[in-house]
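Just follow the structure's listing: the first ligand is 1, and inside any ligand the first atom is 1. What you are looking at is a predicted structure, and each value in this text was computed from that prediction instead of being measured.
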Amino acid sequence: MVSNKNSYAIKGNIIYSTTPDQLVLIENGYAVCENGICGGAFAKLPEKYNGIQVKDYGDRLVIPGLVDLHMHAPQYGLRGFGMDLELLDWLNTYTFPEEEKYAKEEYAKKAYGMFTEELKKSPTTRACIFATIHRDATKILMDLLEKTKLRTMVGKVNMDRNAPEYLCESTEESAAQTLQWLKEMQGQYKYVEPILTPRFIPSCSDSLMKTLGEIQKSQHLPVQSHLSENEGEIAWVKELCPAAGFYGEAYEHAGLFGNGCKTVMAHCVSSVEEEIALIKRNGVYVAHCPQSNMNLSSGIAPIRKYLDEGLHVGLGSDLAGGSSMSMFRAMSDAIQVSKLYWRMWDQSASPLNVKEAFYLATKGGGEFFGKIGSFESGYEFDVLVIEDESIWHPQELGLLERLERVIYLGDADNIVEKIVAGEII
Ligand code: GUN
Ligand code: FE
C-alpha cells in the first residue's frame, strides 16, 4: 500500500497523450503522484492506493503541464510590436537594441522579473530559454527562475560576428564567458539547468562553434539554436559556410547537432530533404513556433511531414517573435497554420488536429526534458488543473470539446493549480 505525504492522487477529468494520435480521456478519474513521479491514471483508484490523500478538483480538467521548447526571455519587452520586418531586419532593428539593455543589471532585474512572473502564471511548466550574451544578466534570470520552481534550461547566448559592436563578443571572450558562467552556476540551482546557446550560424564563427563543440563534449550539455527559419538567413549561411552542404551541417560539423548531444532547433520552416534526414538520424528536436513564423513572415513548417517521418517535434512560443508566451495559443496557432499549409501549399499534408497539437505541447516537447508530458506511469508529475466554467457555453460538451475550447479560448486565468514534478507551485 502506498501512503506517505509525498504521494497523492488528483481527482478530476484526466486528459493526456500516449502518441500523437492517441488521447486518453478519463471522466472523474484519478492521476496518482508517488514522490514526484506519476503512478498512472485510472478511472477507479487501484487498491494499492487505498488511504492515499485525494485532492478532488470536481469537474475541472487535469492535463500535463505544457512545454515551451523555445523562447527568448530578454525579448519580453518586445511583445506585440515591431512586426513589420522579416527576421534579419527584425533582429537588427528591434531585437539587438533591446538585448543590449541587459548589459545593465537594473534593467535585467526589472524586465526578467516581469518575464518570470508571467511565465510562472502561464500554462508552461518546462521551458528552454535564451538569455543574452551577458553573463551577469543570465545569472539574474536563472536566480529568478529558480524561485518559480518551474523546470527550465537557460542559455547564455554566444555571438562573435555579424552583430553590432555592443552585442558582439570576441571569439575568445565568448568561450571564456561561457566557461565562467558554467563554473559559477555549478551547484547553485535545483530547478534551472544550463544549455549551450550559439544564437544561430550567422552569429557564430566556425572557430567559436568548434570551441562550443569541445565544451559540449567535455560537459555533456544540451544545445539550443535556430535552424532554417527564413530564406534570407538560409542563403546567408550558404555564403558563410561554403563547406556545409546545407544549414544543419554547419552545426553538425561542430558536433552540435544531436547524435549524443541533446539538441533542439527552433523553426525548421524550410529544411531541405538532407537536413530533415540528418535531424531524424541524429535525434534532433524541432521546436515548431507557428506564431513567430507568422509574425516574421517566415513561412509554415511542414509539421505533418515531420510527424509522418517520426521526428521529435514540440512547440515553442519563440517569445517575442511570437507575441504570446501562452502554449494554449501555440497549440491553436499550430493547428491553424497547418490548415493554411494544406489549403494553399500541399493537399497531401492533412492539417493537425487537436489531439496532435496537444501531444506536441505535452509529450512531444516534454521528451526533450526526459519522461515529461504524460500521465503514463513513470512520467514526472507535471500537472495543470484547469477551470473552464468561466469560458461560457449554453450547451452540454464532451471532454475533448472542452479541451479544444481551452486551447482556443483559455489563458493563464483558467489555471487553478500548477504542479511540477509533484510539487504545487
Ligand atoms: N535567429 C537568431 N536569433 C533569433 C531570434 O532572436 N529570434 C528568432 N525568431 N530567430 C532568430
Ligand atoms: Fe528564437
Side-chain angles (χ1 to χ4, degrees), residues 68-102 111 115 127-134 138 141 153-164 167-169 174 195-205 208-209 223-237 240-241 247-248 250-251 256 263-271 285-301 314-325 330 333 337 365:
D68 190 337
L69 274 190
H70 183 81
M71 67 192 318
H72 299 260
Q75 294 173 20
Y76 183 78
L78 291 179
R79 287 165 310 141
F81 72 94
M83 296 299 170
D84 53 333
L85 298 172
E86 289 185 48
L87 174 66
L88 301 176
D89 291 331
W90 174 78
L91 287 172
N92 285 315
T93 308
Y94 300 110
T95 315
F96 293 160
E98 180 62 19
E99 291 195 12
E100 179 196 10
K101 296 175 187 164
Y102 290 77
F115 165 79
C128 294
I129 304 174
F130 281 56
T132 59
I133 61 166
H134 312 100
T138 303
L141 174 63
M153 294 188 194
V154 174
K156 176 220 164 306
V157 169
N158 297 100
M159 305 168 71
D160 74 335
R161 66 174 175 185
N162 297 318
L167 205 64
C168 201
E169 313 162 283
S174 187
I195 181 166
L196 276 182
T197 307
R199 180 172 209 123
F200 67 158
I201 292 294
S203 298
C204 298
S205 66
L208 176 58
M209 291 298 284
V223 174
Q224 61 181 353
S225 195
H226 297 90
L227 181 63
S228 298
E229 175 176 2
N230 159 293
E231 295 295 348
E233 171 210 22
I234 294 168
W236 196 15
V237 170
L240 291 167
C241 303
Y247 191 161
Y251 293 105
L256 297 171
T263 304
V264 56
M265 287 286 160
H267 306 303
C268 305
V269 169
S270 305
S271 291
Y285 282 71
V286 174
H288 175 42
C289 306
Q291 194 181 146
S292 168
N293 298 157
M294 288 189 275
N295 282 335
L296 301 180
S297 309
S298 301
I300 305 174
L315 297 182
S317 64
D318 195 23
L319 188 78
S323 321
S324 163
M325 72 160 73
D333 286 339
V337 300

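- Each of the atoms 9 (N) of ligand 1 lies under 4.0 Å from some heavy atom of His267.
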| said: With side-chain contact (heavy atoms from CB on, under 4.5 Å) as the criterion, how do Leu296 and Asn230 come out once you've worked through the C-alpha distance, each side chain's angles and the decisive distance to 0.1 Å? | reply: CA-CA 9 Å; Leu296 301 180; Asn230 159 293; over 6 Å; no
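- Ring pair His226/Phe130 is tilted by interplanar angle, where 30° to 60° counts as tilted.
- The minimum heavy-atom distance between Pro74 and Ala131, with the atom names listed, is CG-O, 3.4 Å.
- Of the protein's non-hydrogen atoms, Glu229 OE1, 2.7 Å is the one closest to atom 10 (N) of ligand 1.
- Taking a cut-off of under 4.0 Å to the non-hydrogen atoms of Leu87, the atoms of ligand 1 that pass are 8 (C), 10 (N), 11 (C).
- Here the side chains of Leu141 and Ile129 are in contact, with some heavy-atom distance below 4.5 Å.
- At least one donor-acceptor pair under 3.5 Å links the side chain of Arg161 to the backbone N or O of Ile201.
- Proximity to Asp318 (heavy-atom distance under 4.0 Å) selects the following atoms of ligand 1: 8 (C), 9 (N).
- The OH atom of Tyr247 sits 9.5 Å away from atom CH2 of Trp236, with the distance rounded to the nearest 0.5 Å.
- Heavy atoms of Gln75 approach ligand 1 to within less than 4.0 angstrom.
- With ligand atoms numbered from 1 in the order given, ligand 1 contributes 1 (N), 2 (C) to contacts under 4.0 Å with heavy atoms of Phe200.
- Given atom 3 (N) of ligand 1, the protein heavy atom at minimum distance is Arg199 NE, 2.8 Å.
- Among the atoms of Asp318, an N, O or S atom falls under 2.8 Å of the Fe ion (ligand 2).
- Checking side-chain atoms of Ser225 against main-chain N and O of Val223 turns up no donor-acceptor pair under 3.5 Å.
- Residue Glu99 places no N or O, backbone or side chain, under 3.5 Å from any N or O of ligand 1.
- The side-chain heavy atoms of Leu167 and Ile133, taken from C-beta on, include a pair separated by under 4.5 Å.
- Within the coordination shell of the Fe ion (ligand 2), defined by N, O or S atoms under 2.8 Å, His72 is present.
- Among the atoms of Trp90, none of the N or O lies under 3.5 angstrom from an N or O of ligand 1.
- Not a single heavy atom of Phe130 lies less than 4.0 angstrom from ligand 1.
- Judged by distance alone, the side chain of Gln291 and the main-chain N or O of Ala330 form no donor-acceptor pair under 3.5 Å.
- Computed with the Fe ion (ligand 2) at the centre, the His226 NE2 to His70 NE2 angle is 90°, stated to 10 degrees.
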